[in-house]
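Because only heavy atoms are used, hydrogens play no part in the values below, and waters and symmetry mates are left out as well, while side chains stay in.
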Amino acid sequence: SNRMKRPYLRCLIVTALYMVLVVPAASAEVIHKFHSDITINPDASIDVVETIDMDFQGDEKHGLYRQIPVEYQRGGANYTLRFDLKGVQVDGADSSDVHMQRQQSDELIKIGNPDKTLTGDHTYKISYHVRRALNFIGEDQSPELYWNVTGNESPYEIEKAEANVYAPSTVAMNDIRTESFCGPPGGTDHALVSQAARFESFQAEHIAAGNELTIVEGLPAGSIMKPPAGQEFFDALIDWWPSIFFPVGTFLVMYVLWWH
C-alpha cells in the first residue's frame with residue numbers, strides 16, 4: 001500500500017543522501033599531525049626533519065605529495081633556496097619510491113609506488129638540508145629565518161601543525177625574536193608560540209587545504225656566519241642567469257647576423 005511505501009521511500013532517500021554527503025566527507029584524506037624540527041646551523045643553512053601523520057582513510061592512494069616552497073621574490077628579483085633531500089621514511093622504513101620535480105616555485109616530492117595503493121594511517125618522515133634559508137636584515141645584518149613550514153599548495157587539511165626551531169647553542173633564548181602567521185597566504189592570524197630549554201615551538205590547528213603555517217625567528221647580529229661574498233655572487237648568478245644570458249645571447253646572434 002501507499003502507507004507502507006512512504007516510510008520505505010523516506011528511508012531510501014535518507015540513505016541516498018547519507019551516501020552522497022556523509023561518506024565522501026568521511027573518506028577525505030587528512031593530515032592528523034604535521035611536525036617539523038628545524039635546526040639553524042652556524043653557516044646560515046638549516047636542516048629540517050618533517051614527520052607527517054597521514055590518514056588516507058578509505059581512499060586508495062599511491063602515496064604522499066609534499067610541496068616545499070623554494071623560490072621567492074626578494075628586492076624584485078628571484079631568490080631560490082638550495083634544496084638537498086637527505087632521506088625519506090615511510091612507517092619507519094627507508095623508502096626509495098621517491099620522485100622529485102620542480103613545480104613552479106615549489107620542490108615537489110612524490111612518495112609512493114605507482115603500482116601499489118595505500119589506505120588508512122601512515123607516517124612519513126622527510127629529511128632535507130637547505131642553503132640560503134636565512135635573511136640578513138637591517139644595518140647590523142641580523143640573521144632571520146622566515147620559513148613556510150607547511151607550504152600553501154597542500155591538498156590536505158592539517159588538523160595540527162607544530163614546528164620546533166633550534167637555534168645554535170651559542171644563542172641565548174631570551175635574545176630570539178619570534179613571529180608567526182597561519183591561515184591563507186597573507187593572513188594575520190598567529191600560531192601559539194612557547195619556549196622550551198633549547199627551542200622555540202610554534203603550534204596551529206585546523207589548517208585548511210591551501211593554507212599555511214609560516215614562522216619567523218630573528219637572531220642577534222653576529223650569531224650566524226654570513227655566507228662568503230663569492231658564494232653569494234655565484235648563487236645570485238644562478239638566479240639571474242636567464243635575464244642575463246638571453247639578452248646577451250640575442251645581442252650576439254643579431255650582431256653576427258648583421259655582419260654576415
Side-chain angles (χ1 to χ4, degrees), residues 31 33-52 66-75 78-86 100 102-109 124-138 141-154 156 158 160-168 171 173 175-196 198-205 207 210-220 223-227 235 239:
I31 294 175
K33 186 176 182 180
F34 186 114
H35 179 90
S36 182
D37 286 314
I38 305 166
T39 301
I40 302 175
N41 300 314
D43 65 354
S45 66
I46 63 172
D47 286 298
V48 182
V49 179
E50 297 176 352
T51 304
I52 302 172
R66 172 73 175 106
Q67 290 182 243
I68 301 172
V70 295
E71 186 174 306
Y72 298 87
Q73 287 288 315
R74 290 187 184 174
N78 288 339
Y79 185 93
T80 304
L81 308 183
R82 304 294 178 248
F83 180 90
D84 182 18
L85 182 66
K86 293 298 185 181
M100 293 179 58
R102 277 295 297 273
Q103 184 166 300
Q104 299 179 346
S105 61
D106 295 342
E107 196 73 55
L108 174 60
I109 306 173
Y124 294 82
K125 181 175 285 188
I126 306 171
S127 304
Y128 53 93
H129 179 79
V130 182
R131 285 200 305 107
R132 307 186 85 195
L134 268 65
N135 304 313
F136 291 84
I137 59 175
Q141 293 290 281
S142 297
E144 179 186 83
L145 174 66
Y146 187 99
W147 187 249
N148 188 337
V149 176
T150 59
N152 50 21
E153 298 294 337
S154 172
Y156 318 114
I158 301 173
K160 182 178 181 180
E162 181 179 63
N164 293 343
V165 183
Y166 298 80
V171 177
M173 298 298 290
D175 293 336
I176 297 175
R177 173 182 56 84
T178 62
E179 183 60 279
S180 63
F181 308 96
C182 57
T188 57
D189 289 339
H190 301 287
L192 176 66
V193 182
S194 59
Q195 189 178 89
R198 282 308 317 157
F199 62 86
E200 300 280 351
S201 181
F202 302 80
Q203 297 182 16
E205 295 183 346
I207 301 175
N211 289 359
E212 66 185 54
L213 168 62
T214 293
I215 59 99
V216 182
E217 181 149 317
L219 305 180
S223 60
I224 298 291
M225 183 186 304
K226 194 173 182 180
D235 285 333
D239 287 340

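With rounding to the nearest 0.5 Å, the separation of CZ in F83 from CD in E71 is 14.5 Å. Distance check, rounded to the nearest 0.5 Å: OG of S142 to CG of L134 gives 11.0 Å. The distance from atom NZ of K160 to atom CD of E205, rounded to the nearest 0.5 Å, is 6.5 Å. One finds the CD1 atom of I31 at 9.5 Å from the CD1 atom of I207 (value rounded to the nearest 0.5 Å). Here the straight-line distance linking atom CZ of F181 with atom OG1 of T214 works out to 8.0 Å at 0.5 Å rounding.
Of the possible donor and acceptor atoms, none in the side chain of N135 sits under 3.5 Å from a partner among the backbone N and O of I137. With R132 contributing its side chain and T80 its backbone, the two residues share a donor-acceptor pair below 3.5 Å. Judged by distance alone, with hydrogens and angles left aside, the side-chain atoms of S180 form no donor-acceptor pair with the main-chain N or O of H190 at under 3.5 Å.
Under a cutoff of 6.0 Å and an axis angle of 45°, R198 and Y166 do not form a cation-pi pair.
Taking each heavy atom of N211 and G183 in turn, the nearest pair found is CB-O, 3.2 Å. Minimum heavy-atom separation, S127 to L85: O-CD1, 3.5 Å. A pairwise comparison of heavy atoms in Y146 and V216 identifies CD1-CG2, 3.4 Å as the closest pair. The nearest pair of heavy atoms linking V130 to Y128 is CG2-CD1, 3.6 Å. Contact detail for V149 and S36: the closest heavy-atom pair is CG1-CB, 3.9 Å. Listed here is the closest heavy atom pair of V48 and W147: CG2-CZ2, 4.3 Å.
The shortest distance between side-chain heavy atoms of V49 and K125 falls below 4.5 Å. Under the 4.5 Å side-chain criterion, counting only non-hydrogen atoms from C-beta, I224 is not in contact with D43. In this structure, the side chains of Q67 and E107 stay at 4.5 Å or more apart for every pair of heavy atoms. Under the 4.5 Å side-chain criterion, counting only non-hydrogen atoms from C-beta, V70 is in contact with R102. Here the side chains of N164 and H35 are in contact, with some heavy-atom distance below 4.5 Å. When side chains are defined from C-beta on, E212 does not count as touching C182, because their heavy atoms never get closer than 4.5 Å. Looking at D106 and I68, their side chains never come closer than 4.5 Å, going by heavy atoms from C-beta outward. Looking at heavy atoms from C-beta onward, N148 lies in side-chain contact with Y72 at the 4.5 angstrom threshold.
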Go through the steps for L219 and D175 under the test side chain to side chain contact (heavy atoms under 4.5 Å, CB included), then give the verdict. CA-CA 7 Å; L219 305 180; D175 293 336; over 6 Å; no
Kindly indicate, with the supporting measurements, whether the criterion side chain to side chain contact (heavy atoms under 4.5 Å, CB included) is fulfilled by E144 and R177. CA-CA 9 Å; E144 179 186 83; R177 173 182 56 84; 2.7 Å; yes
Under the side chain to side chain contact (heavy atoms under 4.5 Å, CB included) rule, what do T39 and I46 come out as? Steps first, then yes or no, please. CA-CA 5 Å; T39 301; I46 63 172; over 6 Å; no
Dump the intermediate steps for side chain to side chain contact (heavy atoms under 4.5 Å, CB included) on I176 and Q195, then the final yes or no. CA-CA 10 Å; I176 297 175; Q195 189 178 89; 5.7 Å; no
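When only modelled atom types and interatomic distance are considered, D47 and N41 share a side-chain donor-acceptor pair under 3.5 Å.
With a 6.0 Å radius and a threshold of 12 heavy atoms from other residues, nucleotides or ligands, M225 has its CE atom at or below the threshold.
Salt-bridge check for D84 with R82: failed, with every basic side-chain N at 4.0 Å or more from each acidic carboxylate O. Ionic pairing of E50 and R66 is present here: one or more N-O contacts between side-chain nitrogen and carboxylate oxygen are shorter than 4.0 angstrom.
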